[in-house]
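Keep in mind it's a predicted model, so treat the numbers as computed, not measured.
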Amino acid sequence: MAILLRRGNPLPGFVPATSLTLIYLSLLVLIPLAAVVLRAAGLSGAEFWRVITSPEAMASYRLTFGAAFTAAALNAVFGFIVAWVLVRYSFPLRRVLDALIDLPFALPTAVAGIALAALYGSNGWFGKSLAMLGIQVAYTPVGVFIALIFVGLPFVVRTVQPVIQELETEQEEAAGSLGGTRWQVFRRVILPALWPAVVTGFTLALARGIGEYGSVIFIAGNVPGVSQITPFVIFTRLEEFDYPAASAIAVTLLAISLLLLLTINGLQQWRARREGRG
Amino acid sequence: MMADITANAGRVVPASGNTRVAHRAAADEPIWVRRSLIGLVFVFLGVFLVVPLAIVLSSALSQGWALYARAVTDPDTWSAIVLTLWVVAITVPLNTLFGIAAAWAIARFDFRGRSVLTSLIDLPFSVSPVVVGLAYVLVFGRGGWLGPWLGAHDIQIIFAMPGMVLVTMFVTVPFVARELIPVLAERGQEEEEGALSLGASGWQTFFRVTLPAVKWGLLYGVVLTTARALGEYGAVAVVSGRVPGENETLTLRVDMLYENYQATAAFAVASLLAVIALITLVLKTYLGDRKDNACPLSAGAPDS
Amino acid sequence: MSIQISNVSRAFGNHRALADINLRIEPGELVALLGPSGCGKTTLLRIIAGLEQPDQGTLELEGQDVVSRHVRDRGIGFVFQHYALFRHMSVFENVAFGLRVRPRRTRPIETEIQRRVHELLELVQLDWLADRYPPQLSGGQRQRIALARALAVEPRVLLLDEPFGALDANVRRDLRRWLVRLHDELHVTSVFVTHDQEEAMEVADRIVVMNQGRIEQYGTPDEVYETPATAFVSRFLGDVNLFHGRIEQGQLHTAAFGARATATPAGEGASVQAHVRPHELRLRRDAGPNTDLLPVRIRRIRPLGADVRIELDAEGETGPIQVVLPRHEYRQQAFSEGEQAYVEPTQLHVFDGDQKRA
């Protein structure tokens with residue numbers, strides 16, 4: 001009986017609401033993106049291939065995807081721990097920390113960018129100490145990596161947190177009463193229940209990291225072939241008025257992001273089915 | 001995608017407050033494990049969140065209040081503030097209207113292509129801000145689709161405020177809809193059907209029943225949209241003419257000052273944005289709680 | 001107001017929720033739509049309300065075709081299963097809603113609204129709750145407020161979707177009786193949906209028994225109980241003992257009871273099922289001269305309030321046989337567990353054997 005959405009729904013406004021949605025999205029999102037794709041399509045196949053595989057572009061992919069992947073992986077591990085601690089343990093400042101998790105969403109990327117640049121620069125609080133250990137962060141891939149940790153931090157925490165909350169401690173208690181050690185319970189009961197959420201969070205952080213611009217460029221300094229991320233390469237082509245090349249690289253980036261988006265949706269559907277809500 | 005996460009954010013906070021903290025021993029880690037994990041979280045969040053925030057505020061004031069005040073009240077900064085507020089003032093209402101319409105269509109009706117539409121609304125989250133800027137340059141720029149026509153009519157969109165508004169609208173388009181869809185879906189449409197059965201018109205139903213029911217979720221979405229619109233950088237950087245005092249938003253002003261080795265002034269302006277971010281976080285937490293508590297009709301008084 | 005439903009069908013995707021429904025409800029009647037979940041009863045109610053559209057068929061209220069008329073123009077009052085009270089409005093405002101949203105021309109003035117709402121709240125005996133909000137109310141209170149709200153617009157038809165479904169057993173019993181009294185007072189044509197046969201029997205003037213999108217039987221509580229039209233109705237309205245048999249020479253032959261004369265729609269040689277309700281079996285100690293009694297052994301005796309339920313084992317029967325005796329009769333006979341006895345049906349309902357089990 002709980003068929004919420006029905007044909008012949010008595011509620012009004014279907015046609016105006018759908019039309020407005022479609023027109024708005026088309027004008028604002030689809031047509032401009034189509035312009036990018038069409039501009040890239042203006043290139044011949046060979047040219048397109050040459051542009052998107054130029055040494056500079058290739059180096060930028062390696063950096064962008066490498067840094068985004070490692071940052072997302074690190075966030076997966078720490079995000080899991082943060083989520084666990086925030087949900088399960090009681091300690092001072094817990095609510096403050098919880099609210100602070102969303103800082104990377106709320107803080108403008110440019111502000112984060114200059115803050116990280118100042119912090120990890122050769123005279124910065126952290127930069128100085130790290131330099132003594134022989135680690136240079138500013139103007140290197142490490143800088144990109146650190147900026148992307150900042151940007152991606154909330155994703156894993158916020159996907160895993162609600163799942164931990166819904167996790168019934170009864171299951172753990174049952175496992176415990178059957179003689180499992182805490183570590184066994186974690187490995188066999190908790191982790192299997194949580195890892196789909198961790199993977200989703202990881203993918204979201206990865207997708208965000210790939211497109212990130214503002215928080216990275218200040219700390220990365222854009223040394224060609226060393227610390228130049230793909231969005232910056234697009235930016236450079238744009239400033240040179242080389243629109244076809246900018247578009248071609250942008251399409252490559254878009255395609256990969258969309259692939260990730262599809263993966264996320266697939267994962268979420270899979271999760272929904274697993275949790276018996278599909 | 002981001003809103004997907006932030007949507008969860010609010011839901012997360014309140015429940016954990018009192019319910020899940022007291023556990024029996026069977027579901028507990030040993031005390032030393034708990035302590036070390038809590039310590040680890042403090043260090044991790046301290047290094048990656050607290051210290052960057054602190055350095056913005058401390059650098060802003062590193063040369064004293066006088067310089068801070070001068071940086072903040074500089075005419076170019078002032079015009080950046082005004083421009084930013086304009087961008088927000090145009091973007092937020094339009095995207096709110098869109099978000100309500102989209103959420104209504106998706107959460108209340110079943111139609112072919114509904115899931116495609118849902119993914120389309122999410123699409124802007126997975127587009128790099130620089131690509132957004134590029135897209136608008138290709139449509140409205142001098143070499144773009146509408147470039148010749150716009151040029152002939154002396155209308156400037158790229159390197160001017162309209163372009164900056166448009167890209168900001170692009171990047172913030174999903175927020176309101178993403179917040180409202182789950183709230184509407186969870187609430188169900190029985191109350192609206194009740195209103196209709198009592199003779200209410202469509203608008204009466206919407207304003208008297210739907211809107212009050214989802215107001216916290218809506219406000220939450222508006223707050224997220226506003227925060228993002230204030231802070232957008234990459235996309236705006238592409239389409240701004242970058243003329244100080246003319247088409248510089250606050251984030252571009254920060255960038256400009258920083259690149260010109262006026263770090264203290266840059267951090268002073270940045271501190272304004274950081275304070276807004278902190279206010280956003282407080283609002284988010286508060287609205288998240290309200291949104292959650294506004295929901296179930298479950299408990300109630302027992303029948304006697 | 002009369003309700004005439006003709007040839008109404010409705011499908012959700014591949015699922016046929018309603019198949020060719022024909023039904024007439026007379027003015028002032030209190031009718032129950034009874035059936036298991038998924039039988040289409042709620043869909044039918046929502047179609048009457050205009051919250052759902054039929055794929056085909058017509059619906060007339062007082063002789064007027066209203067299929068294309070919007071829910072707000074049908075003059076119905078709808079009480080939702082979970083009440084659908086407006087959570088952000090006080091009880092008073094909930095009840096006043098239907099009056100406040102009227103066009104200016106027909107909207108009563110504020111003092112009139114006040115008067116009407118308080119009158120209704122008194123009718124449902126909850127005037128003292130006017131300033132509370134729905135989440136502060138108990139389930140039973142919400143239910144009555146929902147009813148008051150629906151009545152505020154002076155509906156010509158009152159529709160209730162599982163009105164007592166979400167309530168505790170005691171509250172449910174009280175509210176049932178209260179609803180009957182209210183209906184006697186107001187005499188508004190009312191249709192309610194329920195899956196509880198006891199509720200339907202107690203409250204309704206007439207019962208529509210539904211199964212898999214079809215109407216199995218329409219009649220008074222007595223009719224559907226005493227002369228069930230189908231095996232489904234028979235089973236759904238209460239416990240039955242089932243015996244398989246065959247029609248030979250116009251007589252019912254069962255392994256348990258031999259040959260018996262019976263009225264049956266089934267033809268010669270047809271395999272049939274015979275239903276006997278627990279109180280329609282007579283339990284006795286000695287067979288006497290009768291040869292067609294079924295010898296049984298008493299397995300278990302359970303006193304249930306005014307009645308006593310006795311479980312019997314019989315050779316050749318798959319499950320235990322249930323008998324219900326009035327307590328005084330049980331006392332007189334003083335049966336005990338493990339004893340040998342005989343049963344004899346006082347009444348048999350015979351149905352076509354091909355009919356699916358409920």
For the atom pair CZ (B:Arg108) and CG (A:Asn9), what is the distance rounded to the nearest 0.5 Å?
8.5 Å
Is it the backbone or the side chain of A:Leu238 that comes under 4.5 Å from a heavy atom of chain B, or both, or neither?
side chain
In terms of heavy-atom pairs under 4.5 Å, which option from B:Thr251, B:Thr280, B:Asn95, B:Leu250 contacts chain A the most?
B:Asn95
Please flag which part of A:Leu153 lies under 4.5 Å from any non-hydrogen atom of chain B: side chain, backbone, both or neither.
side chain
Quick one: what part of B:Leu196 sits under 4.5 Å from any heavy atom of chain A, side chain, backbone, both or neither?
side chain
Determine the option with the most heavy-atom pairs under 4.5 angstrom with chain B, choosing from A:Ile149, A:Ile234, A:Leu253, A:Val15.
A:Ile149
Under 4.5 Å heavy-atom distance to chain A, tell me which part of B:Phe44 shows up: side chain, backbone, both or neither.
side chain
Please state whether the side chain, the backbone, both or neither of A:Trp183 comes within less than 4.5 Å of a heavy atom of chain B.
neither
If one checks every heavy atom of B:Thr249 against chain A at 4.5 Å, the contacting part turns out to be neither
Looking at chain A, which one of B:Val167, B:Val56, B:Val238 has the largest number of heavy-atom pairs inside 4.5 Å, strictly under?
B:Val238
Flag the pair B:Lys284 and B:Asp289 as a salt bridge only when some basic side-chain nitrogen lies within less than 4.0 angstrom of an acidic carboxylate oxygen.
no
Distance (rounded to the nearest 0.5 Å) between A:Phe14 CZ and B:Asp110 CG
9.0 Å
Tell me, side chain or backbone of B:Leu45 under 4.5 Å from chain A's heavy atoms, or both, or neither?
side chain
Contact leader toward chain A among B:Leu40, B:Ile279, B:Leu138, B:Leu94, where contacts are heavy-atom pairs under 4.5 Å
B:Leu138
Have a look at A:Glu212 and tell me which of A:Ile229, A:Ile217, A:Leu148 forms a side-chain contact (heavy atoms from CB on, under 4.5 Å) with it.
A:Leu148
Looking at A:Leu97, A:Val251, A:Val189, which one has more heavy-atom pairs under 4.5 Å with chain B than the rest?
A:Leu97
Atom group of A:Ile146 that falls short of 4.5 Å from chain B, counting heavy atoms:
both
Residue, of A:Ile249, A:Thr18, A:Leu119, that accumulates the most heavy atom pairs under 4.5 Å with chain B:
A:Leu119
Within this structure, what is the OG-CG distance for the pair A:Ser247 and B:Leu134, rounded to the nearest 0.5 Å?
4.5 Å
Whatever's closer than 4.5 Å to a heavy atom in chain B on A:Ile256 counts as neither
Interchain contact, B:Phe111 with chain A, by part (heavy-atom threshold 4.5 Å)
side chain
When the 4.5 angstrom heavy-atom criterion is applied to A:Val85 and chain B, the contacting part is side chain
Please identify, among B:Ile100, B:Leu281, B:Val282, B:Val269, the residue contributing the most non-hydrogen atom pairs under 4.5 Å to chain A.
B:Leu281
For A:Phe235, which atoms come within 4.5 Å of any heavy atom of chain B: side chain, backbone, both, or neither?
both
What heavy-atom pair brings A:Ala197 and A:Thr159 nearest, and what distance separates the two atoms?
O-OG1, 3.5 Å
If you count heavy-atom pairs under 4.5 Å between each of B:Glu232, B:Glu192, B:Arg34 and chain A, which one has the most?
B:Arg34
List the steps and the verdict of side chain to side chain contact (heavy atoms under 4.5 Å, CB included) for A:Arg158 and A:Leu204.
CA-CA 11 Å; A:Arg158 292 309 191 207; A:Leu204 288 165; over 6 Å; no
Honestly, the part of A:Phe126 sitting under 4.5 Å from a heavy atom of chain B is side chain
Exactly one candidate in A:Val82, A:Val87, A:Ile101, A:Val156 meets side-chain contact (heavy atoms from CB on, under 4.5 Å) with A:Gln161; the answer is A:Val87
Measuring heavy-atom distances to chain B, does A:Leu116 have an atom under 4.5 Å in its side chain, in its backbone, in both, or in neither?
side chain
Which bit of B:Phe48 comes within less than 4.5 Å of chain A, counting heavy atoms only: side chain, backbone, both or neither?
both
For chain B, find which of A:Leu258, A:Thr109, A:Leu100 contributes the most heavy-atom pairs closer than 4.5 angstrom.
A:Leu100
Parallel, tilted or perpendicular: ring planes of A:Tyr243 versus A:Phe241, cut at 30 and 60 degrees
perpendicular
Do we see a donor-acceptor contact under 3.5 Å between the side chains of A:Thr64 and A:Thr230?
yes
List the atom of A:Ala17, the atom of B:Trp104, and the distance in Å for their closest heavy-atom pair.
CB-CD1, 3.9 Å
Please classify the contact between A:Ala112 and chain B as side chain, backbone, both or neither, with a heavy-atom cut-off of under 4.5 Å.
neither
CZ of A:Arg95 to CG of A:Leu86: how many Å apart, nearest 0.5 Å?
11.0 Å
Within the structure provided, determine whether A:Val111 and B:Phe267 are in side-chain contact (heavy-atom separation under 4.5 Å).
no
Considering all heavy atoms, the nearest B:Ser126-A:Ser257 contact:
O-CB, 3.1 Å
Measure distances from B:Pro52 to the heavy atoms of chain A and classify the residue's part below 4.5 Å as side chain, backbone, both or neither.
both
What part of A:Pro244 is in contact with chain B, defined as an atom under 4.5 angstrom from a non-hydrogen atom: side chain, backbone, both or neither?
neither
Could you check if a side-chain atom of B:Phe170 sits within less than 4.5 angstrom of a side-chain atom of B:Val127, using non-hydrogen atoms only?
yes
Please report the interatomic distance CG(B:Leu224) to CZ(B:Arg228), rounded to the nearest 0.5 Å.
11.0 Å
Check whether A:Leu30 gets within reach of chain B through its side chain, its backbone, both or neither, counting any heavy atom under 4.5 Å.
side chain
Answer with yes or no after comparing the ring centroid distance for B:Phe125 and B:Phe175 against a 6.0 Å cut-off, counting only values under it.
yes
Measure the acute angle between the ring planes of A:Phe218 and B:Tyr233, then classify it against the limits of 30° and 60° as parallel, tilted or perpendicular.
tilted
Heavy-atom pair count under 4.5 Å with chain B, highest-scoring of A:Gly13, A:Gly211, A:Ser215, A:Gly214
A:Gly211
Proximity breakdown for A:Leu262 and chain B, heavy-atom pairs closer than 4.5 Å:
neither
Looking only at heavy atoms, which two atoms of B:Ala185 and B:Ala107 are closest? And how far apart?
N-CB, 4.2 Å
Less than 4.5 Å to any heavy atom of chain B: does that hold for the side chain of A:Phe232, its backbone, both, or neither?
neither
Out of A:Ala250, A:Ala246, A:Ala35, A:Ala110, which one racks up the most heavy-atom pairs below 4.5 Å with chain B?
A:Ala35
Hey, which of B:Val131, B:Leu49, B:Val254, B:Val139 has the most heavy atom pairs under 4.5 Å with chain A?
B:Leu49
